[in-house]
**Student:** 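Here it is, the structure, as structure tokens.
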Amino acid sequence: MVKLALLGATGSVGSSTIEVVKEQAEHFAISLASAHLNWHKLCEIACELSIPQLVFTGIEDTAQQAFIRNQYPSLKIYFGISELLNMLKNKDYDLALNAISGSAGLKSSFAIAQRGKNLALANKESLAMAGHLLMPLIKSQGSKILPVDSEHSAVFQLLEGHPHNEIKKVYLTASGGALRDIPLNELENITLDRALQHPNWSMGTKVTLDSATMFNKALEVMEAHWLFDLDFEQIDCVLHPQSVVHSLVEFIDGAIFAQMSQPDMKLPILYALSYPERLPSKLVQTDLKHLGNLEFSPIPTERYPLFILGLQVAYAGGILPTVLNSANEAALRLFQAGVIRYADIYRICQEAVQNCINEPEPSLEEILTVNEQVFQHILKEYNFGDIQ
Ligand code: NDP
Ligand code: MG
């Protein structure tokens with residue numbers, strides 16, 4: 001029985017993970033779980049699945065904490081990010097799945113890695129911001145990162161058994177997001193609701209908006225660079241509107257392999273949990289005969305300036321990915337609140353990158369500090385208050 005620590009249990013990936021654990025109850029049990037604010041949902045899940053320990057990172061009010069503990073006297077409930085980090089460092093678990101959204105997931109990835117546990121990673125921001133620190137730490141501990149992001153799970157599966165020097169190129173597929181077919185001249189003033197209508201995947205708000213701007217794909221290029229030790233020239237992105245091929249690997253002899261399934265996160269989650277085995281599952285079924293056409297074409301870059309900026313920042317490395325990711329998180333917060341227009345997301349990100357003097361090898365402390373500074377600076381510029 002694998003004991004799983006599930007972080008971000010109330011989110012989109014967290015909920016899919018719970019479905020996987022329910023189907024595979026003889027193999028996996030959740031030994032601790034976290035959410036930020038959504039205490040009711042997680043407490044109900046904990047009662048149903050007998051999860052012994054919970055932590056809520058965003059509930060600071062002591063009266064509310066007492067109220068929640070009163071409502072669920074049978075559960076062990078903790079509060080605050082430092083409690084979560086303590087639990088990751090001290091409590092009993094075999095494998096942790098980090099499905100916290102955004103830069104808030106970074107500290108947890110390091111706590112898991114420092115403990116020497118395998119890390120099933122959905123939180124791509126951890127590698128984009130600090131891959132130069134996280135990968136060597138994981139290696140030095142003899143543990144593994146098991147990718148949960150569908151593209152990286154695909155590449156991970158395709159590379160099984162192949163030495164590194166056989167890889168020529170990796171192609172990450174991109175659906176094009178919610179705004180793929182909107183006329184270019186209408187993009188500037190697109191509404192939040194429209195930007196959230198992803199054609200193929202049902203995901204959390206941040207990653208859905210990042211798919212609309214295609215910043216998500218730039219983060220995934222950084223993620224692939226660190227995970228698979230690839231030069232940026234070896235990573236390409238291709239528009240694939242059906243999201244059935246999750247990524248492709250071209251080997252040095254010219255053979256191209258693809259990994260396919262219906263777009264559903266439960267499959268990469270299951271593989272990350274069961275690796276190196278495959279377990280029988282009915283959760284994701286793909287009807288090959290009725291898939292229809294599968295199309296591949298170059299990314300129309302004029303539609304996605306944030307993708308291009310993200311690639312430039314990926315090549316530059318250092319503190320720049322943190323600056324860009326943080327600016328993007330702030331811009332998304334403002335866009336969601338109706339303070340800025342869709343086109344301003346890119347403008348804010350571009351300004352933040354232009355104003356930054358790069359630091360090539362930032363420490364974790366520097367990354368965390370810069371992340372917070374950039375975020376708060378942008379919110380302040382828009383008089384948006386001091387929130388995180
Ligand atoms: P969601 O927004 O759906 O869920 C986020 C989870 O993180 C929730 O449990 C939320 O708790 C918790 N959370 C939010 N803010 C904080 C914080 N400041 N500190 C600690 N926990 C927090 O996100 P997704 O599930 O969509 O995405 C999670 C990660 O996985 C992201 O990095 C994303 O890029 C990646 N990913 C997602 C995919 C998807 O299909 N959704 C696909 C591939 C990768 P609460 O509910 O209490 O707010
Ligand atoms: Mg992905």
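Atoms within each ligand, like the ligands themselves, are counted from 1 in listed order.
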**Student:** With rounding to the nearest 0.5 angstrom, report the CG to CG distance, Leu127 to Leu119.
**Tutor:**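 Leu127 CG to Leu119 CG: 8.0 Å, rounded to 0.5 Å.
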**Student:** One residue to check: Ser16. Relative to ligand 1, which of side chain, backbone, both or neither has a non-hydrogen atom less than 4.0 Å away?
**Tutor:**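 Contact part for Ser16 vs ligand 1: neither.
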**Student:** Say whether His36, considering both its backbone and side-chain N or O atoms, lies within less than 3.5 Å of an N or O atom on ligand 1.
**Tutor:**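 Among all N and O atoms of His36, at least one is under 3.5 Å from an N or O of ligand 1.
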**Student:** Is the count of non-hydrogen atoms from other residues, nucleotides or ligands lying under 6.0 Å from Leu184 atom CG greater than 12?
**Tutor:**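 For Leu184, atom CG is crowded (more than 12 foreign heavy atoms under 6.0 Å).
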**Student:** Taking the six-membered ring for Trp, is the centroid-to-centroid distance between Phe251 and His162 below 6.0 Å?
**Tutor:**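 Yes: the rings meet the under 6.0 Å criterion.
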**Student:** So does Lys107 have more than 12 non-hydrogen atoms from other groups sitting under 6.0 Å from NZ?
**Tutor:**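 Not more than 12 within 6.0 Å, no.
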**Student:** For ligand 1, which atoms sit closer than 4.0 Å to a heavy atom of Asn123?
**Tutor:**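 In order of numbering, the contacting atoms are 32 (O).
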**Student:** Which of the atoms in ligand 1, numbered in the order shown and given with their element, are less than 4.0 Å from a heavy-atom of Ala104?
**Tutor:**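 So the atoms of ligand 1 that pass are 17 (C), 18 (N), 19 (N).
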**Student:** Indicate whether the side chain of Asn123 and that of Ser126 have a donor and an acceptor atom separated by less than 3.5 Å.
**Tutor:**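 Ser126 and Asn123 do have a side-chain donor-acceptor pair below 3.5 Å.
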**Student:** If I apply the N/O under 3.5 Å rule, does Asp149 come out as touching ligand 1?
**Tutor:**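 Checking ligand 1 against Asp149, no N or O pair falls under 3.5 Å apart.
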**Student:** Between Met265 and ligand 1, does any nitrogen or oxygen pair lie at a separation below 3.5 Å?
**Tutor:**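 So ligand 1 has no N or O lying under 3.5 Å from an N or O of Met265.
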**Student:** Kindly compute the distance separating CG (Leu133) from CD1 (Ile138), expressed to the nearest 0.5 Å.
**Tutor:**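 Taking CG in Leu133 and CD1 in Ile138, the distance rounds to 12.0 Å.
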**Student:** So is there a nitrogen or oxygen of Thr205 less than 3.5 Å from a nitrogen or oxygen in ligand 1?
**Tutor:**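 In fact, backbone or side chain, Thr205 has no N or O that close.
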**Student:** Mind checking whether Gly8 has an N or O less than 3.5 Å away from an N or O of ligand 1?
**Tutor:**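 Among all N and O atoms of Gly8, at least one is under 3.5 Å from an N or O of ligand 1.
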**Student:** Do other residues, nucleotides or ligands put more than 12 heavy atoms under 6.0 Å from the CD atom of Glu302?
**Tutor:**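 Buried by this count: over 12 neighbours within 6.0 Å.
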**Student:** Check whether any side-chain N or O of Glu151 sits under 3.5 Å from a backbone N or O of Glu220 as a donor-acceptor pair, and report yes or no.
**Tutor:**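 No; judged by distance alone, with no hydrogens or angles, the pair does not exist.
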**Student:** Does any N or O in the side chain of Lys117 come within less than 3.5 Å of the main-chain N or O of Tyr93, such that one atom is a donor and the other an acceptor?
**Tutor:**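 Yes, the answer is positive, given that a donor and an acceptor are paired below the 3.5 Å cut-off.
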**Student:** Within the 4.0 Å heavy-atom shell around Ala122, which atoms of ligand 1 are there?
**Tutor:**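 Once the distances to Ala122 are compared, the set is 30 (O), 32 (O), 35 (C), 36 (N), 44 (C).
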**Student:** Hey, does Leu37 come in under 3.5 Å of ligand 1, counting only N/O atoms on both sides?
**Tutor:**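 Yes, there is a polar N/O contact under 3.5 Å.
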**Student:** Suppose we screen for side-chain hydrogen bond (donor to acceptor under 3.5 Å, both in side chains). Which residues come up paired with Asn98, at least two apart in sequence or across chains?
**Tutor:**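 Applying side-chain hydrogen bond (donor to acceptor under 3.5 Å, both in side chains) to Asn98 gives Ser109.
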**Student:** Within the 4.0 Å heavy-atom shell around Ala99, which atoms of ligand 1 are there?
**Tutor:**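 Listed by number with element: 5 (C), 6 (C), 7 (O), 28 (C).
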**Student:** Is there a donor in the side chain of Ser103 and an acceptor in the side chain of Glu329, or the other way round, less than 3.5 Å apart?
**Tutor:**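 On atom types as modelled, these side chains qualify, holding a pair under 3.5 Å.
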**Student:** Quick check: does Met203 get an N/O under 3.5 Å from an N/O on ligand 1?
**Tutor:**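 Met203 vs ligand 1: no N/O contact under 3.5 Å.
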**Student:** Using a distance-only test with no angle check, is there a side-chain donor-acceptor pair under 3.5 angstrom linking Thr10 and Asn38?
**Tutor:**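 No, because no side-chain N or O of Thr10 sits under 3.5 Å from a partner of the opposite role on Asn38.
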**Student:** So, Gln157 versus Ser153: side-chain donor-acceptor pair below 3.5 Å or not?
**Tutor:**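 A pair is found: one side chain offers a donor N or O, the other an acceptor, under 3.5 Å apart.
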**Student:** For Lys206 and ligand 1, answer yes if some heavy atom of the residue is under 4.0 Å from a ligand atom, otherwise no.
**Tutor:**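 Heavy atoms of Lys206 never come under 4.0 Å of ligand 1.
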**Student:** Near Val13, which atoms of ligand 1 are under 4.0 Å from a heavy atom of that residue?
**Tutor:**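 It comes down to these atoms of ligand 1: 25 (O), 30 (O), 37 (C), 38 (C), 39 (C), 41 (N).
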**Student:** With 2.8 Å as the threshold, which protein atoms of type N, O or S lie near the Mg ion (ligand 2)? Leave waters out.
**Tutor:**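 As for protein N, O or S atoms lying under 2.8 Å from the Mg ion (ligand 2), they are Asp149 OD1, Glu151 OE1, Glu220 OE2.
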**Student:** Without hydrogens or angle criteria, can the side chains of His246 and Ser261 be said to hold a donor-acceptor pair below 3.5 Å?
**Tutor:**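 Yes, side-chain donor-acceptor contact under 3.5 Å.
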**Student:** Of all the atoms in ligand 1, which lie at a distance below 4.0 Å from a heavy atom belonging to Ala9?
**Tutor:**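 Ligand 1 atoms under the 4.0 Å threshold to Ala9: 9 (O).
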**Student:** Just let me know how Glu125 lines up against ligand 1, side chain, backbone, both or neither, with a heavy-atom cut-off below 4.0 Å.
**Tutor:**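 Side chain only; the backbone of Glu125 stays clear of ligand 1.
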**Student:** At a 4.0 Å threshold, what atoms of ligand 1 neighbour a non-hydrogen atom of Ala35?
**Tutor:**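 Atoms satisfying the 4.0 Å criterion: 11 (O), 47 (O).
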**Student:** Can you tell me how far CD1 of Ile345 sits from CD of Gln336, rounded to the nearest 0.5 angstrom?
**Tutor:**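 These two atoms lie 9.0 Å from each other.
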**Student:** Look only at interatomic distance and state if Asn38 has a nitrogen or oxygen under 3.5 Å from any nitrogen or oxygen of ligand 1.
**Tutor:**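 Between Asn38 and ligand 1, an N or O pair is found under 3.5 Å apart.
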**Student:** Check the pair Lys91 / Glu83 against salt bridge (charged side-chain N to carboxylate O under 4.0 Å, His left out), numbers first and verdict last.
**Tutor:** CA-CA 11 Å; Lys91 299 283 182 180; Glu83 277 297 345; over 6 Å; no
**Student:** Please state which part of Val207 comes within less than 4.0 Å of ligand 1, counting heavy atoms only: side chain, backbone, both or neither.
**Tutor:**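 Looking at Val207 and ligand 1, just side chain atoms fall under 4.0 Å.
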**Student:** Give the numbers and elements of all ligand 1 atoms closer than 4.0 Å to a heavy atom of Thr57.
**Tutor:**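 This gives 19 (N), 20 (C), 21 (N) as the contact atoms.
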